[in-house]
Protein chains: 2
Amino acid sequence: MTDTEPSNASVLVVDDDPAFNRVLARALSQRGFETHCATDAEQALVLARARMPEFIVLDLNLAGVSGLRLIRPLLEASPDARILVLTGYASIATAVDAVKLGATQYLAKPADLDAIINALRAGEANPDIKPGGAPMSVDRLEWEHLQRVLAEHDGNISATARALRMHRRTLQRKLARPPAAE
Amino acid sequence: MTDTEPSNASVLVVDDDPAFNRVLARALSQRGFETHCATDAEQALVLARARMPEFIVLDLNLAGVSGLRLIRPLLEASPDARILVLTGYASIATAVDAVKLGATQYLAKPADLDAIINALRAGEANPDIKPGGAPMSVDRLEWEHLQRVLAEHDGNISATARALRMHRRTLQRKLARPPAAE
DNA sequence: TCGTCCTGTGACGTTTTGTCGCAGGTGAAC
DNA sequence: GTTCACCTGCGACAAAACGTCACAGGACGA
């Protein structure tokens with residue numbers, strides 16, 4: 001698969017963060033996908049029925065509702081859809097349940113566009129398609145994870161270090177040293 | 001279910017470490033299970049056919065073969081068996097693959113006896129599981145990323161190291177050291 | 001058989017981490 | 001205004017990990 005191959009597949013992006021939806025939808029559009037966005041469960045189900053997307057990218061932390069509860073209704077609305085769960089709170093337990101409920105793939109945030117597209121395409125009929133793009137470096141992955149958890153703690157370095165079970169000094173050193181550009 | 005309820009269900013324990021098999025089989029027997037052990041794939045398939053166990057506890061690191069490759073043949077040999085994957089190298093990537101291949105549960109080693117029995121008995125997915133509140137540790141996040149990229153490169157450590165722009169020696173050290181349980 | 005690549009592994013200098021603790025700032029409660 | 005609890009910046013040092021190098025042997029395709 002080349003980067004520029006238009007696929008015309010449609011993707012419904014479901015995340016309660018509108019900014020995240022916009023960014024991901026735009027990036028997927030640039031790769032040739034037709035995209036729709038929903039920020040809550042109801043919207044997601046309406047769009048799943050109306051648009052019959054080929055793929056659904058589903059966050060697990062929707063306002064007031066677990067994305068796991070949405071998998072079956074989404075599949076009822078769009079029986080042929082393939083669901084990629086994309087979550088900032090990934091765990092093996094929720095990955096197992098998500099797949100049992102009908103998701104076809106599961107990724108932890110942070111994930112870059114190539115990783116998301118690779119995951120969407122995993123399990124396609126043609127297993128010879130190779131994963132495209134360079135994976136995120138470990139430094140970049142860590143940096144984005146730290147930034148996200150820091151944002152969730154309102155910039156509080158001590159609380160972030162505790163949440164990550166990392167020494168505060170170490171976190172400060174890492175925060176002072178962004179990863180190299182890629 | 002009480003701890004002491006004799007279930008008489010049969011369990012096939014498949015692990016390449018005979019000592020592990022003995023310890024787990026003995027503990028399960030004490031809880032009323034009828035147990036059988038196999039230390040390799042061939043043995044496992046023979047016992048799966050001969051004994052038709054209700055449960056199979058399957059390690060992923062069998063000598064010369066990935067336990068993932070054993071799931072389908074085991075289900076062919078014992079169609080009604082429920083397979084619990086139990087591995088010291090647990091990752092979301094292999095958990096997703098295991099469930100897609102037909103495993104009904106997946107646990108990281110070390111797991112205590114109660115966790116194993118609960119996992120054996122777990123049936124349907126639980127959509128009420130809350131996505132975990134705690135963010136992933138940096139070690140766990142890195143481990144999941146390495147496992148996912150390694151899977152994308154068909155287990156080729158040299159190619160994975162190049163893709164991640166990490167020294168092969170460093171990657172090998174990291175792969176030998178799974179992150180602590182959470 | 002040969003070439004290429006992969007893999008396991010040890011060794012060593014360099015870098016980073018974990019830990020400890022000092023010092024000063026901030027905001028809430030009283 | 002004072003006190004308390006917590007946050008933050010930072011230096012120092014021992015321990016741990018990394019980056020690098022290289023050896024050795026296996027696997028696979030030509």
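Quick note on labels: first sequence line is chain A, next is B, and so on, each numbered from 1.
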Check nucleotides 11-21 of chain C against the protein and report each pair of N or O atoms closer than 3.5 Å, with its distance, or say if there are none.
from, atom 1, to, atom 2, distance (Å)
dA11(C), N6, R173(B), NH2, 3.1
dT17(C), OP1, K174(A), NZ, 2.9
dG18(C), OP2, T170(A), OG1, 3.0
dG18(C), N7, R173(A), NH1, 3.4
dG18(C), O6, R173(A), NH2, 2.7

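Between S158(A) and dC6(D) there is no side-chain N or O to OP1 or OP2 distance below 4.0 Å.
Shown here is R69(B), whose CZ atom has no more than 12 heavy atoms of other residues, nucleotides or ligands within 6.0 Å.
A salt bridge between R31(B) and D114(B) is present, with a side-chain N of the basic residue lying under 4.0 Å from a carboxylate O of the acidic one.
Remark: P of dT7(C) and CG of L171(B) are 10 Å apart, rounded to the nearest angstrom. Between the CG atom of D154(A) and the P atom of dG27(C) there is a distance of 14 Å, given to the nearest Å. In this structure, Q172(A) atom CD and dA12(D) atom C1' are separated by 15 Å, rounded to whole Å. Between the P atom of dC5(C) and the NE2 atom of H153(B) lies a distance of 16 Å, rounded to the nearest Å. The CG-P distance, from N156(A) to dA5(D), rounds to 17 Å in whole Å. If you measure from atom CG of L175(B) to atom P of dC6(C), you get 15 Å, rounded to the nearest angstrom.
With L74(A) as the fixed residue, the side chain to side chain contact (heavy atoms under 4.5 Å, CB included) test singles out one of L101(A), L47(A), L45(A): L45(A).
Put simply, CD1 on I83(A) and CD1 on I56(A) are 4.5 Å apart, with the number rounded to the nearest 0.5 Å.
Both the sub-6.0 Å distance and the 45° axial angle are not jointly satisfied by R148(B) relative to the ring of Y106(A).
With sequence neighbours left out, D59(A) forms a salt bridge (charged side-chain N to carboxylate O under 4.0 Å, His left out) with K109(A).
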